[in-house]
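Quick note: numbers below take in every heavy atom, side chains included, and nothing from hydrogens, waters or symmetry partners.
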Amino acid sequence: MGGWAIAVHGGAGIDPSLPLQRQEEACQALLSALHLGISALRSASSAVDVVELVVRELELNPLFNSGCGSALTAQGTVEMDASIMDGSTRKCGAVSGLSTVKNPISLARLVMDKSPHAYLAFDGAEAFARQHGAEIVDTSFFIIEENVIRLKQAKEAKSIQFDYRLPSKGWDTCASEAEQMVQMNGVPISLYSPE
Amino acid sequence: TVGCVVVDALGRCAAATSTGGLINKMCGRIGDSPLIGAGTYACNICAVSATGEGEAIIRATLARDVAALMEFKGISLKEAVDCAIHERLEDGKGGLIAVSNDGHVICGFNTTGMFRALATEDGHMEVGLWD
């Protein structure tokens, strides 16, 4: 075999009743990101530069749960996470709990390249972003109306909402007794399903 | 969650993953995406980006498992992904994309569908949502 290869994803666990138009939009967005990566590979960019470039593009697309269009927490806030790893050097960088950094994946890259650490989170990560000139935006940049509605639905259902649907009623019968015991946000942890 | 894995023309592998988390999640809850070895991993053999139910992927150290299976059992990328997804990860909990340093690329998942697109230098390209 040999030669370059690339793959992108936009999340696992899709609502079977997702409207066809949304499915088409998602496919177009994935293809657009894929072609961005392909042209970078054809220009002999390195693997780690290409994965950062492609994820930056996907973070700006509100169709996917990252960056702009991020899921909202129980408090209606945004807490974004990202990580990157360069296989040829085993260097890696990760960030968590971001709410103002426009491209979390680029901050993870800065952690990898400009810090002695592998992982920075919350206030420390936000401070590091400002020290290193990462692009900062208002948190409202990440919040889309659709996710405000989804958060409301999830609260009304007292559940964790998947990307595209509320769990069907009667979920409390499917979880095992033990799982019922393990709760998060007041619901059995078994409700957590693929994003 | 979004992710990308690449092997470049020199055989170097890299992986990147980014997420907003779960709707209505507890503040401070961290899933698999930022955890090296769970949601993201790359070495000189392969690169992996995972997505799905973060807690299950963390328990399975899913991304590192694919690399370890290849490294220590000497199996192919496809065999390693099939094993990780269908034997190690709890059913219905997630999926991943992966490339190997010899230019192979694969997507595996045990959920209802996964948004993915992939391409190789010899011209193969695919985009998909469902099985």
Among [options], which residue has the highest count of heavy-atom pairs closer than 4.5 Å to chain B?
| options | result |
| --- | --- |
| C27(A), P104(A), G97(A) | C27(A) |
| M80(A), E59(A), Q23(A), R42(A) | Q23(A) |
| L98(A), L58(A), L31(A), L72(A) | L72(A) |
| S45(A), A108(A), A82(A) | A82(A) |
| C92(A), A121(A), S83(A), S70(A) | S83(A) |
| S88(A), A29(A), G93(A) | S88(A) |

Should the pair [X]-[Y] be classified as a salt bridge under the 4.0 Å nitrogen-to-oxygen rule?
| X | Y | value |
| --- | --- | --- |
| R150(A) | E156(A) | no |
| R109(A) | D49(A) | yes |
| E55(B) | R59(B) | no |
| D86(A) | K91(A) | no |

Donor-acceptor pairs under 3.5 Å, side chain of residues 3-16 of chain B to any protein atom, not counting sequence neighbours: which ones?
| from | atom 1 | to | atom 2 | distance (Å) |
| --- | --- | --- | --- | --- |
| D8(B) | OD1 | L10(B) | N | 2.9 |
| D8(B) | OD1 | G11(B) | N | 3.2 |
| D8(B) | OD1 | R12(B) | N | 2.9 |
| D8(B) | OD2 | A47(A) | N | 3.0 |
| D8(B) | OD2 | R12(B) | NE | 2.7 |
| D8(B) | OD2 | R12(B) | NH2 | 3.0 |

In terms of heavy-atom proximity below 4.5 Å to chain B, should [X] be classed as side chain, backbone, both, or neither?
| X | result |
| --- | --- |
| T89(A) | neither |
| F122(A) | side chain |
| S46(A) | both |
| V78(A) | neither |
| L34(A) | side chain |

Among the options C46(B), S49(B), A47(B), pick out the one with the most heavy-atom pairs lying under 4.5 Å from chain A.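 Of the options given, most contacts go to S49(B).
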Between N110(B) and E90(B), is there a donor-acceptor pair closer than 3.5 Å when you use the side chain of the first and the backbone of the second?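 At least one qualifying donor-acceptor pair exists.
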Is there side-chain contact between V148(A) and I143(A), with heavy atoms separated by less than 4.5 Å?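 Yes, close enough: below the 4.5 Å cut-off.
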Please classify the contact of C107(B) with chain A as side chain, backbone, both or neither, using a heavy-atom distance under 4.5 Å.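 Interface part for C107(B): neither.
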Side chain, backbone, both or neither: which part of A56(B) has a heavy atom under 4.5 Å from chain A?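 Neither the backbone nor the side chain of A56(B) comes within 4.5 Å of chain A.
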Which atoms form the tightest heavy-atom contact between L107(A) and A134(A), and what is the distance?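 Shortest heavy-atom contact: CD1-CB, 4.2 Å.
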Under 4.5 Å between side-chain heavy atoms, chaining through other members, with only Ile, Leu, Val, Met, Phe, Trp and Tyr counted: pull out the rest of the cluster around I36(B), sorted by chain and number.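 Once heavy-atom contacts under 4.5 Å are chained together, I36(B) belongs with M85(A), Y41(B).
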